[in-house]
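All figures in this text were calculated on a predicted structure; none of them were measured in a lab.
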Amino acid sequence: MARVTRDDVARAAGTSTAVVSYVINNGPRPVAPATRAKVLAAVEELGYRPNRVAQAMARQRTDLIGMVVPDARQPFFAGLAHQVEQAAAERGRLLLIGNSDYADEREAHYIRAFLGMQVDGLVLVTQDPAGPGVSGFDATDGTPVVLLHHRAETAGGVAVVADDEGGAAEVVRHLLGHGHAGVHCFGGTFSLSPADPVSARTAGWAAALADAGIPAEGRLVPAPFDRVRAHAEALRLLARPDRPSAVFCATDDQAIGLLRAADDLGIRVPEQLAVAGFDDIAEAVIAGPALTTVGTAQEEMARAAVDLVLGGAEGRVTGARTFPARLVLRRSCGCPNPSGPA
């Protein structure tokens with residue numbers, strides 16, 4: 001069966017191939033609604049599928065954006081990737097997603113693969129902007145690279161981040177306001193990059209304690225980021241005879257693991273243990289009890305990242321952007337009248 005061509009569509013619609021091109025590519029020239037309808041009807045009837053590879057070669061643009069995340073199974077990264085995909089689609093781009101599994105070599109593999117596909121730009125949620133997975137590709141061929149969620153290590157780096165430190169400090173101050181003598185931090189490993197958002201959240205926790213005259217020493221507990229392994233670590237923390245009365249978790253996934261551990265041990269939240277997280281993932285609302293957390297402007301951050309990628313591809317000046325974080329009060333902290341869904 002012969003491949004349907006643009007000429008075939010033009011003949012069926014009674015118009016020129018140029019007009020067919022304008023309809024398919026949504027420009028650069030406007031097409032009358034009636035003519036557009038005829039072209040789209042012919043496309044559907046004939047089963048025409050544009051040769052995107054040929055179009056990309058002709059325009060020297062693939063309309064592809066590559067994105068690398070640590071683990072799309074985690075709700076936070078899944079939500080972030082979905083928002084980036086939505087923002088890319090609104091701008092006529094397709095998103096390619098790769099999971100690094102927190103491994104530098106796998107991250108580098110996806111970066112090489114996406115660059116080989118001539119993507120218009122890269123959005124990277126990397127575990128270490130200065131690590132071997134990223135640093136070797138900063139200036140390979142002029143492809144715009146935007147860090148999302150992690151800060152850039154260099155002054156010239158382009159990044160879209162939330163106010164992680166400020167948000168963490170605010171929620172810890174709120175926990176202290178409930179009368180707790182101290183707040184433990186259920187954070188990441190001690191080997192995190194300073195550019196990692198969890199490092200900033202830990203810094204915010206420590207700053208809030210310092211402002212209250214409370215030492216942070218002995219209160220930082222390294223914990224895995226996924227809720228299953230965080231649950232195992234939380235069991236050890238909460239089984240201690242000197243278990244804390246309040247815990248700030250660097251991520252909601254860790255907080256959900258901790259809430260489950262408290263339930264397993266018969267510890268009532270918030271009566272015997274106040275808990276707060278960070279990220280405001282969808283499941284925070286249905287956690288038991290609903291989780292007090294810190295929300296970020298995920299949709300706006302995704303749009304900004306895509307705009308910066310496309311701005312870089314078109315030679316416009318780009319730069320870093322920081323978005324505010326907001327405290328979302330629910331039952332797990334002990335508020336009698338939480339501001340969010342109970």
Give the intermediate values and the outcome of salt bridge (charged side-chain N to carboxylate O under 4.0 Å, His left out) for residues E300 and R303. CA-CA 5 Å; E300 291 82 357; R303 290 177 182 275; over 6 Å; no
As a quick check of understanding, evaluate side chain to side chain contact (heavy atoms under 4.5 Å, CB included) for T126 and V68, giving each step before the final call. CA-CA 7 Å; T126 178; V68 182; over 6 Å; no
Please test L64 against Q118 for side chain to side chain contact (heavy atoms under 4.5 Å, CB included), starting from the C-alpha separation and ending with a verdict. CA-CA 8 Å; L64 298 174; Q118 301 294 306; over 6 Å; no
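- Under the 4.5 Å side-chain contact rule for hydrophobic residues, V69 and V161 do not share a cluster.
- D264 has a carboxylate O that lies under 4.0 Å from a charged side-chain N of R260, or vice versa, which qualifies the two as a salt bridge.
- Using a 4.5 Å cut-off between side-chain heavy atoms of Ile, Leu, Val, Met, Phe, Trp and Tyr, with links allowed through other members, L265 and L237 fall into the same hydrophobic cluster.
- Panel note: side chain R106, backbone Y102; no donor-acceptor pair is recorded below 3.5 Å.
- Salt-bridge check for R173 with E170: failed, with every basic side-chain N at 4.0 Å or more from each acidic carboxylate O.
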Under 3.5 Å, sequence neighbours excluded: what are the donor-acceptor pairs made by side chains of residues 217-229?
from : atom 1 : to   : atom 2 : distance (Å)
R219 : NE     : P215 : O      : 2.9
D226 : OD1    : R229 : NE     : 2.6
D226 : OD1    : R229 : NH2    : 3.0
D226 : OD2    : V228 : N      : 3.3
D226 : OD2    : R229 : N      : 3.0
R227 : NE     : D253 : OD1    : 2.9
R227 : NH1    : E283 : OE2    : 3.1
R227 : NH2    : D253 : OD1    : 2.5
R227 : NH2    : E283 : OE1    : 3.1

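- A distance-only check finds no donor-acceptor pair linking the side chain of D279 to the backbone of I281 [under 3.5 Å].
- R201 places a side-chain N or O within donor-acceptor distance of the main-chain N or O of A250, the cut-off being under 3.5 Å.
- With D120 contributing its side chain and I65 its backbone, the two residues share no donor-acceptor pair below 3.5 Å.
- Between the D71 side chain and the R73 main chain, a donor and an acceptor come within less than 3.5 Å of each other.
- The main-chain N or O of A216 is never found under 3.5 Å from a side-chain atom of W205 such that the two would form a donor-acceptor pair.
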Pairs under 3.5 angstrom only: tabulate donor-acceptor contacts from the side chains of residues 174-182 to other protein residues two or more places apart or in another chain.
from : atom 1 : to   : atom 2 : distance (Å)
H174 : NE2    : H178 : NE2    : 3.2
H180 : ND1    : S245 : OG     : 2.8

